[in-house]
Engineer: 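Structure in C-alpha cells, see below.
The figures that follow rest on heavy atoms only: side chains count, while hydrogens, waters and symmetry mates do not. Sequence positions, counted from 1, serve as the residue numbers for this chain.
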Amino acid sequence: MTHRRRAAIGTLVGVALALVPAATASASGGGGCGAPVTSAEGTAISIERSCFRPTVLFAQPGDTVRWTNKDGVPHNIGGANMAWGSFENFRRNNSVSYAFDEAGVYSYVCTLHPGMVGTVVVGDPVPGETIPVDSVRRIARVSAVEPGPLTPATEKSSDAVLLLTAIGVLVAATALAVGRRVRRHG
C-alpha cells in the first residue's frame with residue numbers, strides 16, 4: 001500500500017470518527033438540551049428534543065401524570081435510584097402514566113440519555129420527609145414493542161446530524177477522487 005493511499009484512508013477514518021461525537025451530542029438532553037428549565041401545573045409532560053417539558057411539573061396528590069414521547073428516539077422514565085419507574089423504553093407518540101398518591105418531590109431521569117432529568121412536585125411536600133416508594137403507581141403499560149406512526153423528523157438536531165453526515169460523505173468522496181487521481185498521474 002502506497003503512502004498516499006494510506007493517507008487517504010487515514011483521512012477517511014479521521015473524518016468518520018470526527019462525525020460520531022457530533023451526532024451523539026445532538027441527541028443528548030436534560031440539563032444539556034439547550035432549552036431553559038420550565039415549570040407548569042398540570043398532569044402532562046411531553047418529551048421533545050430530549051427535554052422534559054415542563055422540566056418541573058406541579059401536581060396534586062392522587063393525580064396521574066402522563067409522559068408522551070414526541071421524539072424520534074425511545075425514552076424511559078426512572079425515579080431517583082429507580083425507586084419507581086421502569087427501564088422499559090417507549091417510542092414516538094407513545095405514553096406512560098404514573099399516579100402520585102402522596103405529597104413529595106419525585107425527581108426522575110431518562111436512563112438512555114445522561115443529563116435528561118425532570119421533577120414532579122406533588123402537593124406541598126415537607127422538607128426532609130421520606131417518601132414511601134409505594135406511593136407511586138404505574139397506571140398504563142408502555143407500548144414499547146409497537147412503534148408509533150412513522151413521521152418525518154423535524155427536529156433541529158436531526159437536521160444537524162444530516163448536515164454533518166452530508167459533509168462527511170462529501171469529504172470522503174473528495175478524498176477518494178483525489179486518491180484515484182494521484183494513483184493515475186503519480
Engineer: For Asn89 and Asn76, which I'm curious about, is there any donor-acceptor pair between the side chains at under 3.5 Å?
Structural biologist: yes
Engineer: Are the side chain of Ser86 and the backbone N or O of Glu88 linked by a donor-acceptor pair below 3.5 Å?
Structural biologist: yes
Engineer: If I take atom CH2 from residue Trp84 and atom OH from residue Tyr98, how far apart are they, to the nearest 0.5 angstrom?
Structural biologist: 7.0 Å
Engineer: Treating Arg53 as the side-chain partner and Ser46 as the backbone partner, does any N or O pair qualify as donor plus acceptor under 3.5 Å?
Structural biologist: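 Checking the backbone N and O of Ser46 against the side chain of Arg53, no donor-acceptor pair under 3.5 Å is found.
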Engineer: Assess the residue pair Thr43 and Asp63 against the criterion (side chain to side chain donor-acceptor pair (under 3.5 Å)); give the C-alpha distance rounded to whole Å, side-chain angles, the decisive distance to 0.1 Å, and a yes or no.
Structural biologist: CA-CA 7 Å; Thr43 58; Asp63 280 353; over 6 Å; no
Engineer: Is the shortest distance from a Lys or Arg side-chain nitrogen in Arg137 or Asp101 to a carboxylate oxygen in the other one below 4.0 Å?
Structural biologist: yes
Engineer: Could you go through Arg66 and Ser95, starting from their C-alpha distance and side-chain angles, then the distance that decides it, and tell me whether this counts as side chain to side chain donor-acceptor pair (under 3.5 Å)?
Structural biologist: CA-CA 7 Å; Arg66 180 183 187 112; Ser95 298; 3.2 Å; yes
Engineer: Examine distances only and state if a side-chain atom of Thr55 and a backbone atom of Thr38 form a donor-acceptor pair shorter than 3.5 Å.
Structural biologist: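 Present.
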Engineer: Working to the nearest 0.5 angstrom, can you tell me the gap between Phe87 CZ and Leu112 CG?
Structural biologist: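 Here the interatomic distance stands at 9.5 Å.
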Engineer: To the nearest 0.5 Å, how far apart are CD in Glu48 and OG1 in Thr68?
Structural biologist: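 Output value for this atom pair is 10.0 Å.
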Engineer: Looking at side-chain heavy atoms only, is the closest gap between Asn69 and Asn93 below 4.5 Å?
Structural biologist: no
Engineer: So, for Trp67 and Tyr108, is the gap between ring centers shorter than 6.0 Å?
Structural biologist: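 Yes - the distance between ring centres of Trp67 and Tyr108 falls below the 6.0 Å cut-off.
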Engineer: Output the distance between atom CE (Met116) and atom OG (Ser50), rounded to the nearest 0.5 Å.
Structural biologist: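 If we round to the nearest 0.5 Å, Met116:CE and Ser50:OG are 5.0 Å apart.
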Engineer: Contact between Cys110 and His75 at the side-chain level, heavy atoms closer than 4.5 Å - yes or no?
Structural biologist: yes
Engineer: Any side-chain donor-acceptor pair under 3.5 Å between Ser97 and Thr64?
Structural biologist: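 Per modelled atom types, Ser97 and Thr64 side chains form no pair under 3.5 Å.
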